[in-house]
Every structure is written in C-alpha cells, then in structure tokens.
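Below, chain A is the first sequence line, B the second, and so on; all start at residue 1. What you see is a predicted model, and the numbers here were worked out from it, not measured in a lab. Excluded from the calculations below are hydrogen atoms, water molecules and symmetry mates; all remaining heavy atoms, backbone and side chain alike, are included.
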Protein chains: 2
Amino acid sequence: MSHSRASEDEVDRLVAAWRQERPDLDVSPLEVLSRVSRLSRHLDRARRAAFTEHDLESWEFDVLTALRRSGKPYELSPGALLRATLVTSGTMTNRIDRLTASGLVTRHPDPEDRRGVLVRLTTLGLERVDAAFVGLLRRERELLVGLGEREQRALATLLHTLLVPFDASDGGAH
Amino acid sequence: MSHSRASEDEVDRLVAAWRQERPDLDVSPLEVLSRVSRLSRHLDRARRAAFTEHDLESWEFDVLTALRRSGKPYELSPGALLRATLVTSGTMTNRIDRLTASGLVTRHPDPEDRRGVLVRLTTLGLERVDAAFVGLLRRERELLVGLGEREQRALATLLHTLLVPFDASDGGAH
DNA sequence: GGAGAATATCTCGACATCAAGATAAATTGG
DNA sequence: CCAATTTATCTTGATGTCGAGATATTCTCC
C-alpha cells in the first residue's frame with residue numbers, strides 16, 4: 001500500500017536534509033513535532049489577519065475569549081487568565097492594563113480575597129469578542145478543508161493524547 | 001466502537017465551555033487548531049529547557065540547525081535563513097549579529113552577488129548544534145511516548161495535509 | 001492566635017521581535 | 001546601455017513578553 005502525498009511541505013525537506021547529514025540519527029520525531037511548531041506559526045499569522053477586521057490583536061482576543069467562555073458575569077481572576085493563556089503574570093498585568101485602557105474590560109476587587117482582583121468583560125468587549133470569534137471560526141474552517149470530518153476527529157484525538165501530559169499536571173509559568 | 005479518552009486536556013474544557021455559551025456555533029475547528037497552538041506553546045517550553053543544557057537559546061538553535069542541515073560548507077544566505085525560520089529580515093540580521101558575537105557563525109560576502117552575504121557555521125557552532133540536536137531528539141521522543149509508531153505516522157500525515165497549502169505557496173514575512 | 005509558608009498580583013528592567021523604510025546591487029526592457 | 005524595477009540586507013523605533021523580585025493577604029499548624 002502506497003500513501004502518496006500530493007506534494008512536499010517544508011518539514012519533508014527538512015527531514016530529508018537531516019537524513020542526508022545525520023544518517024546515524026532517527027529524526028522521525030520531527031515529522032510530528034516540527035509540523036506542530038510550523039503549523040502553529042502559520043496559524044498565528046492567519047489569526048492575526050482575521051482579527052484586524054475586528055480591530056483586535058491576537059493577545060486581546062486570547063484574554064477576551066477566556067472571559068467570554070467563562071459565562072456570565074464574564075469575570076475571571078488574573079491568575080485564571082494566565083493559566084488559560086499560558087503567559088506569565090507580568091504579561092497578564094500588562095494586558096489587563098491595556099484592555100482596561102481601551103474599554104474592553106474592567107478591574108474589580110475580589111470580594112472574597114483581598115489579595116485578588118476580578119477582570120470583567122464590558123459590553124463593548126463582549127460585542128467585539130463575539131464578532132471576532134465568528135470570524136475566526138470561519139477562517140479556521142477554511143484551513144481545515146483539506147481534511148474530511150473523520151480525519152479531523154482523528155487528528156484531534158491524536159493531538160489530545162500529546163496534550164494530556166501537559167494539561168493534566170499543573171502548567172507552569174508564574 | 002467507543003473511543004474513550006483517558007482524561008481531559010485544556011481544549012476539551014475550552015470546547016465544552018464554548019458549547020455551553022454559544023450552542024449556535026460549530027466550534028469543532030478548535031478541536032484541531034487550538035490543540036496545535038497550545039501544543040506548540042508547550043513544546044517551546046520543553047525545547048527551551050532542553051537547550052539550556054547546551055548553552056543555547058531556542059532562536060540560536062533554529063538558525064544553527066538550518067545551517068547544519070544544509071551540509072558542507074554549512075553556509076546559507078540570510079534570506080534563506082529567514083525563509084527557513086519564519087522570521088522577518090530585521091530579526092534575522094539581529095540574530096546573525098549575536099551569533100557572530102558569540103563565535104558560532106561568521107559572515108562572508110557572497111562571491112556571486114555583491115548585495116549578498118553568506119553565514120557560515122564555525123567549528124564551535126557545529127559542535128554545539130550537533131550536541132543540542134541529539135538532546136532535542138531525545139526529549140521529543142519522550143513527548144511522543146503516548147503514541148505508537150503507526151499513530152505517529154498517521155499524525156504526521158494529517159499535519160502534512162494542513163501544512164502543504166502554506167509551504168507550497170511562497171511563505172510571506174519579508 | 002501567631003510565625004512561617006503559600007498565594008495573588010503588580011513593578012521593573014532586559015530583550016527579542018516586528019514593520020517600515022533605507023541602502024546597495026542586480027536584473028529587465030526598451 | 002540606461003532607467004525602472006526587483007532583490008538582498010540592514011537600520012530604526014515601537015512594542016509585547018519574560019523573569020525576578022516586591023508587596024500584600026491568606027492559609028497552615030503548632
């Protein structure tokens with residue numbers, strides 16, 4: 001059985017080059033993980049393009065969606081937000097500052113913990129993130145046209161397996 | 001047939017939350033693409049940790065490996081390097097400057113094009129990148145233990161399909 | 001109930017990246 | 001063979017992120 005591929009991607013070339021230069025090494029892990037990295041890189045660009053239509057930066061979208069999907073009253077602590085977005089606390093403080101300045105979120109003291117703060121989506125923030133999310137899904141669907149429904153599910157499952165060890169434990173970056 | 005999953009990853013939680021909040025939307029693209037992004041993020045961290053053992057930063061490794069796998073005389077133009085690493089030209093200039101300062105590469109005029117420059121790996125650079133590459137492969141293999149050989153190939157093929165549209169066309173970022 | 005550890009957030013300085021534009025050389029067409 | 005365009009690299013300024021440490025509050029447990 002031959003699994004002929006329509007054409008090469010950059011990782012095919014990269015792996016072929018390594019096999020030439022280091023035939024003593026098994027570079028097969030790159031077939032998976034270099035593709036993940038490179039695809040993520042391309043995705044970032046596509047996402048950025050999708051968001052400019054809605055006057056949002058990628059980092060803004062990441063924070064706003066975390067709040068949006070938490071449900072009413074669209075409110076989370078900075079700590080919860082940094083765990084959701086995989087950035088450090090200093091970065092999150094900065095992001096919240098800027099989102100506050102542009103009127104998309106507000107900061108409130110946590111009534112149950114005086115160390116804490118709660119970040120809440122404003123009406124404007126809610127509108128923006130909902131619009132941008134619909135646009136993002138449309139673009140993402142386009143990126144996936146090469147795969148059938150069954151293949152998409154298979155891919156999701158395989159990625160899931162790789163992700164569990166990371167997400168099951170704590171998550172780092174504080 | 002039931003494909004029961006051992007446990008949840010963060011994307012399972014994220015998708016479930018969206019289905020609760022926006023049952024009108026089909027968020028299935030996230031099952032694939034959010035996993036790609038998050039996995040890439042975790043990978044970056046793992047790679048960073050692997051490289052510190054060899055006194056290298058991730059960005060240094062990216063440039064040095066591109067040179068390494070190009071074969072003797074381990075020499076590429078800045079333009080070729082930026083296409084290989086998906087960064088902009090300003091970034092690449094900066095990287096080459098710093099790699100030159102730390103003695104891992106040298107810059108030479110291109111004998112065939114006086115606009116051009118060739119970046120060449122030094123002996124030190126070659127040693128470092130070879131050592132780091134072996135270390136990286138070891139770590140990456142550990143990250144893939146959850147998948148059998150057959151599954152890894154399937155995953156690579158599916159990712160390949162998504163990647164081709166990006167890599168077949170030009171690649172952007174100049 | 002008090003000392004010490006843990007937690008939550010913020011501050012600040014260093015730094016890598018990007019985007020846009022500058023410079024220089026090569027290529028193309030008339 | 002010259003002008004216009006394209007290509008290759010570098011420069012510059014703005015910005016987002018990280019990492020380490022500061023501050024304030026809560027938790028643990030003796």
Euclidean distance, atom [atom1] of residue [X] to atom [atom2] of [N] [Å, nearest integer]:
{"X": "Arg114(B)", "N": "dT23(C)", "atom1": "CZ", "atom2": "C1'", "answer": "15 Å"}
{"X": "Asp110(A)", "N": "dA24(D)", "atom1": "CG", "atom2": "P", "answer": "18 Å"}
{"X": "Glu112(B)", "N": "dT27(C)", "atom1": "CD", "atom2": "C1'", "answer": "16 Å"}
{"X": "Met92(B)", "N": "dT17(C)", "atom1": "CE", "atom2": "C1'", "answer": "12 Å"}
{"X": "Leu82(A)", "N": "dG19(D)", "atom1": "CG", "atom2": "C1'", "answer": "14 Å"}
{"X": "Leu81(B)", "N": "dC10(D)", "atom1": "CG", "atom2": "P", "answer": "11 Å"}
{"X": "Asp44(B)", "N": "dG19(D)", "atom1": "CG", "atom2": "C1'", "answer": "17 Å"}
{"X": "Ile96(A)", "N": "dT9(C)", "atom1": "CD1", "atom2": "P", "answer": "8 Å"}

With a 3.5 Å distance limit and no angle check, can you tell me whether [X] reaches the backbone of [Y] through a side-chain donor-acceptor pair?
{"X": "Arg41(B)", "Y": "Leu86(A)", "result": "yes"}
{"X": "His160(A)", "Y": "Glu8(B)", "result": "no"}
{"X": "Ser40(A)", "Y": "Val36(A)", "result": "no"}
{"X": "Glu31(B)", "Y": "Ser28(B)", "result": "no"}

Identify which one of Val63(B), Leu67(B), Thr106(B) satisfies the side chain to side chain contact (heavy atoms under 4.5 Å, CB included) criterion when paired with Leu121(B).
Leu67(B)

Want to settle it: does Ala80(A) or Arg48(A) sit nearer the 5' end of DNA chain C, counting the closest nucleotide to each?
Ala80(A)

Once base and sugar-phosphate atoms are separated, protein heavy atoms under 4.0 Å mark nucleotides 11-16 of chain C, 5' to 3', with B, S and - as B----S

Considering only heavy side-chain atoms of Thr88(A), the closest of dC18(C), dC10(C), dC18(D) is dC18(D)

Any link between Val117(A) and Leu82(A) through a network of hydrophobic side chains (Ile, Leu, Val, Met, Phe, Trp, Tyr) touching at under 4.5 Å?
no

Check the phosphate of dC10(D) against Arg107(B), side-chain N and O only, distance under 4.0 Å to OP1 or OP2. Yes or no?
yes

Would you compute the distance between atom CZ of Arg19(A) and atom CG of Leu30(A) and round it to the nearest 0.5 angstrom?
8.5 Å

Produce the list of close N/O pairs, under 3.5 Å, pairing protein atoms with atoms of nucleotides 4-8 of chain D; give distances to one decimal.
unit_1 : atom_1 : unit_2    : atom_2 : d
dT7(D) : O2     : Arg115(B) : NH1    : 2.6

Give every residue pair that meets the side chain to side chain donor-acceptor pair (under 3.5 Å) criterion with at least one member in residues 119-145 of chain B, sequence neighbours excluded.
Arg22(A)-Asp130(B), Asp26(A)-Arg141(B), Glu53(B)-Arg139(B), Arg68(B)-Asp130(B), Glu75(B)-Arg120(B), His108(B)-Arg120(B)

So which atom in Gly146(A) and which in Glu151(A) form the shortest heavy-atom distance, rounded to 0.1 Å?
O-OE1, 4.1 Å

